[in-house]
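Reading through the C-alpha cells given below for one structure.
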Amino acid sequence: MYRSVLVSFVLVAAATVACKGSANSASAANSNTTRSSTLASATTSDTSGAVAGPISTTKTTAPGSAANSAGTQGGNNVSAATGTSFSGPPNPNRVPNEMGRIMVLEYHLITDHNGDYARERGQFRKDLELLYNRGYRPVNMSDVLDKNLNLPKGLSPVVFVFDDASPEQFRYIDNNGKLEIDPTSGIGIWLDFRKTHPDWNNKAVFCLLSGAAAGHNFFGDRGVQGQKSNWRFQKVKWLADNGFELCDHTLWHAQLSKYPDAIVQEQIARNALAIDSAVPGYKIRSMALPQGLWPKNRALASKGSWTNPKTGKTVSYSWPVVFEVAGGPMRSPYDPAFNPGMTPRIQVIGNAIESMIAKLEGSGNAYISDGNPSVVARPAASTTTAAVKR
Ligand SMILES: [Zn+2]
C-alpha cells in the first residue's frame, strides 16, 4: 500500500512545482473517493497498531538509557498513582535547579479513547491542567537548544511532541466556506485551554508525515475525517505562524533500520522538502525516528541529502535534534552531557506524566527556573552557584 501512496505523493509534489497539477491531483482525489474510504478504514486500523503508532517493541522504558537514571530512584509511583498530591497550585518554594531534567512528552492521537498511541480528549485536557497546576509551561525544542527558557521563578519547562500528523491532532471544519479549527481536535483543545490559561503558550513540536497512508499526510487528506487534501499546507503553515515547531518524521513513517542509506535520506529529505513547500524557508531543527528505529548509518538521521533523479536537484538536511521514542526525561541544555542528537522522550500512557513528576521532584532532579536569565541556578548541594547562561 505504501508504494502506491509514494507514487501518488511524487505526482502531487511534481504537480505543485509545475503549478498545473493541482487540478490533476484534485481530480485524482475525487475519482478516488471510494478507494480513499477503503484506505481510510485501513488507516484507522493501522493507527491503533504498529504502522502509525510508532512502537510495538520499545515500550515505555529503555532500561539501559543514561537519561533514565534520573528518574529511577524516586519510587513514588504508588503515591503518584493516587493523584492526591497533584491538585492545587505549584509549590511556591520549588527550589530552582537549571541543571535538572526536562520532560519531552510524546503524543499520537487525541481521540475518543486511551491507548498506547491514543489519548482521550478529556484526559488530554487533564494532562494540560495537571502540568499547569504543577508549575510546568510548554516550550519548543528550539527554545531548549537556544537556551531560551526564560520562565518565571519556580516554573519548569515541558516539551510537547505530537507525532504522525493525524487529523485527530489538527482538524478543520468547513463552516460555509470558512475553515475553523475543530474544537474536538488536539489543537482545538489546546487553544481552548489557553483561553483560561494565558501564560500557556503555543509551544509544541509537530513531527510530520507528508506522504503516508490517507489521513497521515499533514493532518488529513482525501476526505479522511472530512479533511480535504488542499487544506494540508494551510494547517502546517498555521502551526508555524502561531508559534508551534515543525519536525521531520519521514515521508511515510518508514522503518529506517530496514533501508539502505539512499532510501533513508530520500525519506527524510523529501519530507523536509514538503514542509518547505508548506512553509518556504522554514528551518527544521529536529526529526523523530519512526518507531524509534535508527538507520544503520545513524548519522543520516540528522544530516544527509537526496538528489531528485528527474530534476537533478539536490535537497540537503541538517539539524541537531533526533527524538527517540522512550528513555525518560532529557538533560538540561546547561548540562555538559546534554545530547540533542539522542533526545529521549516520555510516552504519554496511563499516568506517565504524574509518575515522572513524582520521580523528578521527589529526587530533586526537575529543571526549575530561577527567573534570572543570566545565571544558571544549580542544586543547593553544589557550592558553585553562579554561571553565565550564555
Ligand atoms: Zn510516528
Side-chain angles (χ1 to χ4, degrees), residues 1-2 5-6 9 39 42-60 62 104-111 114-119 124 141 159-170 185-187 204-221 224 232 235-236 239 244-259 263-264 266-272 274-275 284-295 300-302 317 319 321-327 342-349 352:
M1 181 171 71
Y2 278 144
V5 169
L6 177 61
F9 173 81
L39 283 169
T43 308
T44 307
S45 57
D46 279 348
T47 301
S48 55
V51 176
I55 19 117
S56 51
T57 50
T58 14
K59 282 275 157 128
T60 45
V104 181
L105 303 176
E106 178 182 340
Y107 284 90
H108 297 95
L109 303 179
I110 307 299
T111 184
N114 285 310
D116 284 0
Y117 308 116
R119 201 69 167 160
F124 177 59
M141 192 61 199
V159 180
F160 282 76
V161 183
F162 295 90
D163 281 10
D164 299 349
S166 63
E168 285 88 343
Q169 293 170 5
F170 191 166
S185 64
I187 284 286
V205 183
F206 286 82
C207 294
L208 307 171
L209 306 170
S210 61
H216 291 279
N217 183 339
F218 284 169
F219 308 105
D221 57 339
V224 174
R232 293 172 305 135
K235 288 178 183 174
V236 174
L239 288 173
F244 297 101
E245 180 169 349
L246 310 178
C247 153
D248 196 314
H249 197 33
T250 76
L251 203 50
W252 39 253
H253 215 262
Q255 298 181 351
L256 297 179
S257 57
K258 293 203 305 202
Y259 293 100
I263 301 290
V264 167
E266 179 179 358
Q267 275 285 330
I268 298 171
R270 284 179 53 194
N271 194 52
I275 293 171
I284 301 171
R285 312 278 301 273
S286 58
M287 78 88 67
L289 296 167
Q291 301 183 37
L293 297 170
W294 286 90
L300 296 179
S302 53
Y317 60 88
W319 42 64
V321 178
V322 178
F323 288 117
E324 299 187 305
V325 143
M342 291 174 63
T343 296
R345 294 191 288 177
I346 296 159
Q347 293 170 277
V348 180
I349 300 170

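What you see is a predicted model; the values in this text were computed from it and never measured. Below, each value reflects all heavy atoms present in this structure, side chains not excepted, and no hydrogens, waters or symmetry copies. Positions are given from 1, in the same order as the sequence printed here. Ligands are counted one by one from 1 in listed order, and the atoms in each one are counted from 1 as well.
Side-chain contact, H249 with N271: no donor N or O sits under 3.5 Å from an acceptor N or O.
Two residues are said to be in side-chain contact when any heavy atoms from C-beta on lie closer than 4.5 Å; F162 and I110 meet this criterion. When side chains are defined from C-beta on, I268 counts as touching W319, because their heavy atoms get closer than 4.5 Å. Side-chain contact between F218 and S210: present, with at least one pair of heavy atoms (C-beta onward) separated by less than 4.5 Å.
Inclusion of H253 in the first shell of the Zn ion (ligand 1) is supported: an N, O or S atom falls under 2.8 Å. For residue H249, an N/O/S atom approaches the Zn ion (ligand 1) to within less than 2.8 Å. Residue D164 counts as close to the Zn ion (ligand 1), with an N, O or S atom under 2.8 Å.
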